[in-house]
Amino acid sequence: MMMEVKLWNDKREREMYENFAELFAIIKATEKLEKAYIRDLISPSDYESECNKLILHFKTLSATLKDIVPSIQRFADTYKMDCPSALYRLVTSGVPATVEHRATAAASTSNSASIVAECVQNFITSMDSLKLNMVAVDQVYPLLSDLSASLNKLSILPPDFEGKTKMKEWLSRLSKMGAADELTEQQSRQLHFDLESSYNSFMAALPKGGN
């Protein structure tokens, strides 16, 4: 006759093991969901909905078990769970991959927009300074240096973009002159022309709204 083996001695212990089983199931389900999403076996909207449910369930359960299971990683190691994607999603990230991707894209767009504004400001400041006859090397060089730096920060511009090459040429020319030296009228006109031409190319190179 087979003897019945009890995994628990009282109701509290039984509840603990049931919670362990539930936590195990959530981690396993999340790992499968992450792999399905990576392999395009589930739509982003369905993935996000299911992932949100699992994350919410996990947070509730892990809060209940925090005194018994202080480390989810240790729990996974104890029960030999090979679920790195699930642990990242549930423990580290806490949001579905789709939400992470949207946040990254928004940050990238916002960052690009601020650099574009910086470039425009530097173009206008440089052109205005020449109109105000600020033509000494120690007045012109810092403005062109700022403009060149802001253009180089904008990843949508190719390395051979006109504005980048023109500013590099002018900075090289100015670095060979003394700080108190001034641009001749001809040099000033040429620099203003190069700035205006580069500015127009810059505006044309920017992605159009809606693209």
Side-chain angles (χ1 to χ4, degrees), residues 1-121 149-158 202-203 205-211:
M1 185 178 174
M2 290 179 67
M3 287 181 63
E4 186 181 345
V5 178
K6 281 192 173 184
L7 294 175
W8 51 82
N9 296 314
D10 53 39
K11 188 181 175 184
R12 189 177 173 183
E13 212 171 278
R14 175 180 176 175
E15 195 174 297
M16 182 188 75
Y17 279 111
E18 284 176 351
N19 284 335
F20 280 6
E22 205 169 336
L23 182 59
F24 185 96
I26 291 169
I27 294 171
K28 282 289 188 183
T30 305
E31 185 71 17
K32 284 184 180 177
L33 183 65
E34 290 293 308
K35 286 179 178 174
Y37 176 64
I38 291 166
R39 293 169 186 164
D40 285 331
L41 300 176
I42 186 171
S43 72
S45 58
D46 286 345
Y47 160 80
E48 190 169 321
S49 173
E50 290 304 312
C51 194
N52 272 324
K53 287 178 192 171
L54 286 166
I55 289 169
L56 186 63
H57 199 169
F58 169 78
K59 283 180 178 175
T60 305
L61 189 58
S62 58
T64 305
L65 291 170
K66 69 177 185 293
D67 294 331
I68 309 166
V69 186
S71 167
I72 300 298
Q73 181 65 61
R74 200 173 302 153
F75 175 87
D77 291 342
T78 301
Y79 292 99
K80 296 180 170 53
M81 302 180 74
D82 184 23
C83 301
S85 298
L87 292 175
Y88 171 78
R89 187 65 49 218
L90 297 169
V91 181
T92 308
S93 171
V95 295
T98 44
V99 175
E100 268 188 341
H101 298 161
R102 284 200 297 273
T104 302
S108 175
T109 302
S110 172
N111 188 41
S112 293
S114 68
I115 297 170
V116 167
E118 187 183 311
C119 290
V120 170
Q121 185 61 50
S150 59
L151 289 172
N152 285 323
K153 281 194 285 184
L154 201 58
S155 58
I156 59 170
L157 298 176
F202 172 76
M203 296 306 288
L206 296 178
K208 302 295 182 287
N211 283 4

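What you see is a predicted model, and the numbers here were worked out from it, not measured in a lab. The basis for the numbers below is simple: all heavy atoms, side chains too, and nothing from hydrogens, waters or symmetry mates.
Pairing each heavy atom of Ile27 with each of Cys83, the nearest pair is CG2-CB, 3.8 Å. Of all heavy-atom pairs spanning Glu31 and Pro84, the tightest one is OE1-N, 3.5 Å. Contact between Thr60 and Thr64 at its shortest, heavy atoms only, is O-OG1, 2.9 Å. For the residue pair Ala97 and Tyr37, the shortest heavy atom distance occurs at CB-CE2, 3.8 Å. Minimum heavy-atom separation, Ser150 to Ile115: O-CG2, 3.6 Å. The two residues Lys59 and Gly94 have their closest heavy-atom pair at NZ-O, 3.8 Å.
Side chain of Ser49 to main chain of Ser45: no donor-acceptor pair is present (N/O by atom type, distance under 3.5 Å, no hydrogens or angles). For the pair Arg89 (side chain) and Val95 (backbone), a donor-acceptor distance under 3.5 Å is present. Without hydrogens or angle criteria, Glu34 side chain to Ala86 main chain gives no donor-acceptor distance under 3.5 Å.
For the atom pair CD1 (Ile26) and CG (Leu61), the distance works out to 5.0 Å, reported to the nearest 0.5 Å. Here Thr78 contributes atom OG1 and Arg74 contributes atom CZ; the two are 8.0 Å apart, rounded to the nearest 0.5 Å. Rounding to the nearest 0.5 Å gives a distance of 7.5 Å between CG of Leu87 and CE of Met81. For the atom pair Leu90 CG and Ser85 OG, the distance stands at 10.5 Å (nearest 0.5 Å). The CD atom of Glu50 sits 10.5 Å away from atom OG1 of Thr30, with the distance rounded to the nearest 0.5 Å. Interatomic distance, Leu23 CG to Glu18 CD, rounded to the nearest 0.5 Å: 14.0 Å.
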Next item on the list: Evaluate the criterion salt bridge (Lys or Arg N to Asp or Glu O under 4.0 Å) for residue pair Lys11 and Glu15; output intermediate values, then yes/no.
Entry: CA-CA 6 Å; Lys11 188 181 175 184; Glu15 195 174 297; 5.9 Å; no
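At a threshold of 4.5 Å between non-hydrogen side-chain atoms, the residues Glu22 and Asn19 count as touching. Contact of the Ser62 side chain with the Ile72 side chain is registered, since non-hydrogen atoms from C-beta on lie closer than 4.5 Å. Side-chain contact between Ile68 and Met16: present, with at least one pair of heavy atoms (C-beta onward) separated by less than 4.5 Å. Lys35 places none of its side-chain heavy atoms less than 4.5 Å from the side chain of Leu41.
Heavy atoms from other residues, nucleotides or ligands lying under 6.0 Å from NZ of Lys153 number more than 12.
Taking the six-membered ring where the residue is Trp, Phe75 and Tyr79 present tilted rings, their angle falling between 30° and 60°.
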